[in-house]
A.B. asks: 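Handing you this structure, nothing more for now.
Count residues from 1 along the sequence. Whatever order the structure lists ligands and atoms in, that order sets their numbers, starting from 1. Only this structure's heavy atoms are used, side chains among them; waters, hydrogens and symmetry mates stay out. Because the structure is predicted, anything quoted here is derived from the model rather than measured.
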Amino acid sequence: MSVTPSSKPKIATCWLGGCAGCHMSLLDIDERILDLVKLVDITASPITDIKKPPEVKIALIEGAVCNEENVETLHLYREKAEFLIALGDCAVFGNLPAMRNMFSLQECLEEAFLNTDSTVNGKIPNGPDLPKLLPKVLPVPHVVKTDYCIPGCPPDADVIWFVLTELLAGRVPPPEQIPYTLFKFD
Ligand code: SF4
């Protein structure tokens, strides 16, 4: 049996240094996900568990850039995506993962693995299989050209839906068209 290639635009998503909350918010579009899959093919994504993106129209990136593997992944998505969106405050500003930027990387590692009250004979993990941490956490626009930012922690599902459907209709929505009441910064 031959499979006819889909002519629908493709989207991909990934999360870097994030908590998955932005992807949960994407799923909070609820039954509209059925409309979304009529409009697009969802390719590489934690939702599909496909690891590498093909060429896609839109890539949604959750999370800040915390380690060398994140940098590599982000460059791959940038290379493959016509339009790259930083999704959520961690991707847009650094947000929670960037709180470690107030300290040196060494101080953070010592606090996490050696100095906590519950630690006995602690050791800072270090091995060839572990991605090397960046000295400072970076937001997505500081690493690659970013075409659009959707702030919020997490962004409201209605905002994600609005931006995606506008882009798929060939329009880049001016941020001022998004009602302020839909943004969450908690
Ligand atoms: S923006 Fe908020 S919900 Fe999204 S990954 Fe960061 S902490 Fe999680």
Side-chain angles (χ1 to χ4, degrees), residues 11-33 36 40 42-53 56 58-78 80-81 83-103 105 108-109 111-112 116 130-167 172-173 175-186:
I11 66 171
T13 79
C14 79
W15 85 59
L16 306 174
C19 73
C22 292
H23 273 77
M24 291 300 120
S25 205
L26 171 60
L27 293 177
D28 280 345
I29 62 174
D30 297 328
E31 69 279 2
R32 287 173 293 182
I33 199 130
L36 186 63
V40 297
I42 302 175
T43 63
S45 169
I47 298 166
T48 59
D49 203 28
I50 299 170
K51 307 292 184 202
K52 295 255 162 96
V56 294
I58 300 168
L60 292 148
I61 312 292
E62 168 187 328
V65 186
C66 302
N67 60 42
E68 289 180 354
E69 188 179 87
N70 292 161
V71 174
E72 201 180 304
T73 303
L74 183 54
H75 279 291
L76 175 66
Y77 273 73
R78 175 64 279 180
K80 298 290 185 179
F83 199 87
L84 185 132
I85 300 175
L87 177 69
D89 283 354
C90 294
V92 175
F93 308 116
N95 199 31
L96 291 180
M99 288 175 78
R100 81 157 158 92
N101 291 352
M102 289 186 281
F103 306 92
L105 178 57
C108 293
L109 290 170
E111 185 63 26
T116 50
L130 294 176
K132 196 160 175 266
L133 292 170
L134 301 182
K136 296 288 176 197
V137 171
L138 300 168
V140 166
H142 286 209
V143 181
V144 294
K145 176 180 168 288
T146 302
D147 301 301
Y148 204 84
C149 290
I150 306 180
C153 182
D156 192 285
D158 288 341
V159 176
I160 301 173
W161 174 252
F162 174 71
V163 173
L164 281 180
T165 49
E166 282 294 292
L167 290 175
V172 179
E176 61 271 20
Q177 275 187 7
I178 301 171
Y180 186 74
T181 48
L182 286 182
F183 286 116
K184 290 190 218 152
F185 296 101
D186 44 357

A.B. asks: Step through the shown structure and confirm whether more than 12 heavy atoms of other residues, nucleotides or ligands are within 6.0 Å of NZ on Lys136.
C.D. replies: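 Buried by this count: over 12 neighbours within 6.0 Å.
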A.B. asks: side-chain hydrogen bond (donor to acceptor under 3.5 Å, both in side chains) with Asn95: which residues, sequence neighbours excluded?
C.D. replies: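 side-chain hydrogen bond (donor to acceptor under 3.5 Å, both in side chains) list for Asn95, sorted by chain: empty.
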A.B. asks: Tally of protein N/O/S atoms under 2.8 Å from atom 4 (Fe) of ligand 1?
C.D. replies: 1
A.B. asks: Look at the aromatic rings of Phe83 and Tyr148 and report parallel, tilted or perpendicular, splitting at 30° and 60°.
C.D. replies: tilted
A.B. asks: Got a sec: does the CD of Gln177 have more than 12 other heavy atoms crowding it under 6.0 Å?
C.D. replies: yes
A.B. asks: Tell me, please, which residues at least two apart from Asn101 pass side-chain hydrogen bond (donor to acceptor under 3.5 Å, both in side chains).
C.D. replies: none
A.B. asks: Could you work out, with salt bridge (charged side-chain N to carboxylate O under 4.0 Å, His left out) as the rule, every residue matching Glu111, not counting sequence neighbours?
C.D. replies: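 Glu111 satisfies salt bridge (charged side-chain N to carboxylate O under 4.0 Å, His left out) with no residue once adjacent residues are dropped.
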A.B. asks: Which ligand 1 atoms, with their elements, are less than 4.0 angstrom from a heavy-atom of Leu96?
C.D. replies: 7 (S)
